[in-house]
Amino acid sequence: MFLILFLLAGLCYAAAFAQSLLSLKLGRPHGGRAQYAFEILGLLFQTSAIIIRGVQIGNIPITNPYEVIEFIAWLCVLTHLFLVSVCKLSLSAIFVLPLAILLTILPVMCPVFSKYMASYQEIQVLTLISLIHAISALSTYVALFFAAIFAVMGLLQRRNLKTRSNSVIAKDLQPLVALERYMRHSIYFGLLLMALSLVFGVVAAFYRELSAGFIIKYSGGVLVFFCIATLNILAYKNRISSAKLSKFVVALFIFALLMLIPIELKNVIL
């Protein structure tokens, strides 16, 4: 049942994304009520699936990588709806929804997913520590993802101000100061989340045999942590212009993503 709900959630996110693109093509600033209705419906489907899975296994449904991926997709959509309602960042849908579709549907279509869903692991203390480590790390990438969105929007707004553009995108973008503030806050939260992940990773390493995959992933996390820390220091001390900071944030997200995908694929295959 919950697999069908995950699939329905992905289809609702796809419908919301299509509505967003159609509205943008027609010259409207956002997808309107239809887009948000599909997105909220998808979130309800996904929330129901997570709850049903949790009741089925009698535990928090984050006992394997595929459940964690669904949780991250749910977190992305929830965060996006919050940003739309509070910050009025409706244009962010064209960036967030493709990721939500990918993270929601692909695990369900993966043959290994059904094997994981047929069983579950009892959550022990060490397992819980490892899960906090993994969720914190993945949440860091979510924070970097939103930081990159704000950075791209800031670069677009900066160009619009120079050219005095009156396009649909220009009208829907937030003021440059607000976008830069959101970007700085996102990389700051990314730093805190990665620090939390590294701490719990060290704790977990004391109680289990270290594998090559864990060492590689942890080393990658340390590298990302120092990159985020460097950007936060430069931003705090105003040693770098906002335009350059935005470009570095986008580059860091792409770098982190390219580093994360091969490691996770290797873990799934092995």
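Along the sequence shown, the residues carry numbers beginning at 1.
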Any chain of hydrophobic side-chain contacts (each under 4.5 Å) joining Leu179 to Leu234?
yes
For a side chain to side chain contact (heavy atoms under 4.5 Å, CB included) check, start with the C-alpha distance between Thr140 and Ile228, then their side-chain angles and the critical distance, and finish with the verdict.
CA-CA 10 Å; Thr140 301; Ile228 301 175; 3.9 Å; yes
Euclidean distance, Cys12 SG relative to Leu8 CG, rounded to 0.5 Å:
6.5 Å
Spacing of CG belonging to Leu99 relative to NE2 belonging to His80, to within rounding of 0.5 Å:
11.5 Å
Please name the residue in the list Thr104, Thr79, Thr47 that meets the side chain to side chain donor-acceptor pair (under 3.5 Å) test with Trp74.
Thr47
Show me the pairs that pass salt bridge (Lys or Arg N to Asp or Glu O under 4.0 Å) and involve residues 177-194, at least two apart or across chains.
Arg158-Glu180
Between the main-chain N or O of Leu191 and the side-chain N or O of Asn232, is there a donor-acceptor pair closer than 3.5 Å?
no
Phe150-Phe255 co-clustered via ILVMFWY side chain contacts under 4.5 Å
yes
Taking everything shown except Tyr141 itself, do over 12 heavy atoms lie less than 6.0 Å from its OH?
yes
Hey, what do you get for CD1 (Ile52) to OG (Ser48), rounding to the nearest 0.5 Å?
6.0 Å
Evaluation steps, side chain to side chain contact (heavy atoms under 4.5 Å, CB included), between Phe248 and Leu252
CA-CA 6 Å; Phe248 277 123; Leu252 175 59; over 6 Å; no
Are Ile187 and Leu257 in one and the same hydrophobic cluster, where Ile, Leu, Val, Met, Phe, Trp and Tyr link if side-chain heavy atoms are under 4.5 Å apart?
yes
Quick check: does any side chain N or O of Ser23 sit under 3.5 Å from a backbone N or O of Gln19, one acting as donor and the other as acceptor?
yes
Note, Leu144 side chain near Ser186 side chain (heavy atom, < 4.5 Å):
no
For the student: nearest non-hydrogen atoms of Val224 and Ala256, plus distance
CG2-CB, 4.2 Å
In terms of heavy-atom contacts, Leu78 and Leu43 come closest through CD1-CD2, 3.9 Å
Going by side-chain hydrogen bond (donor to acceptor under 3.5 Å, both in side chains), name the pairs with one or both residues in residues 2-11, residues two or more places apart or in two chains.
none
Measure the CD1-CG distance between Ile4 and Leu11 for me, rounded to the nearest 0.5 Å.
11.5 Å
For residues Phe6 and Glu70, report the shortest heavy-atom separation together with the two atoms involved.
CD2-OE1, 3.3 Å
Would you give the length of the straight line joining atom CG of Leu44 to atom CD of Glu39, rounded to the nearest 0.5 angstrom?
11.0 Å
Stepwise, does the side chain to side chain contact (heavy atoms under 4.5 Å, CB included) test hold for Gln46 with Leu5?
CA-CA 6 Å; Gln46 196 164 28; Leu5 289 174; over 6 Å; no
Shortest non-hydrogen contact from Ser136 toward Leu196
OG-CD2, 3.3 Å
How long is the gap from CZ on Phe17 to CD on Gln35, to the nearest 0.5 Å?
10.0 Å
Out of curiosity, does Ile101 fall in the hydrophobic cluster containing Phe95 (side-chain heavy atoms, cut-off under 4.5 Å, transitive links)?
yes
I'd like to know if the side chain of Ser20 and the backbone of Ala16 have a donor-acceptor N/O pair within less than 3.5 Å.
no
Considering non-hydrogen atoms only, spot the tightest contact between Ala148 and Val250 and give its length.
O-CG2, 4.0 Å
For Phe38 together with Tyr13, are the ring centres under 6.0 Å from each other?
no
Minimum heavy-atom separation for Leu231 and Val249, please, with both atom names.
CD1-CG2, 4.1 Å
Test side chain to side chain contact (heavy atoms under 4.5 Å, CB included) on Tyr236 and Ile233 and set out the steps.
CA-CA 5 Å; Tyr236 178 75; Ile233 293 172; 5.8 Å; no
Assigning hydrophobic clusters by single linkage (Ile, Leu, Val, Met, Phe, Trp, Tyr; side-chain heavy-atom cutoff under 4.5 Å), is Phe226 placed with Leu245?
yes
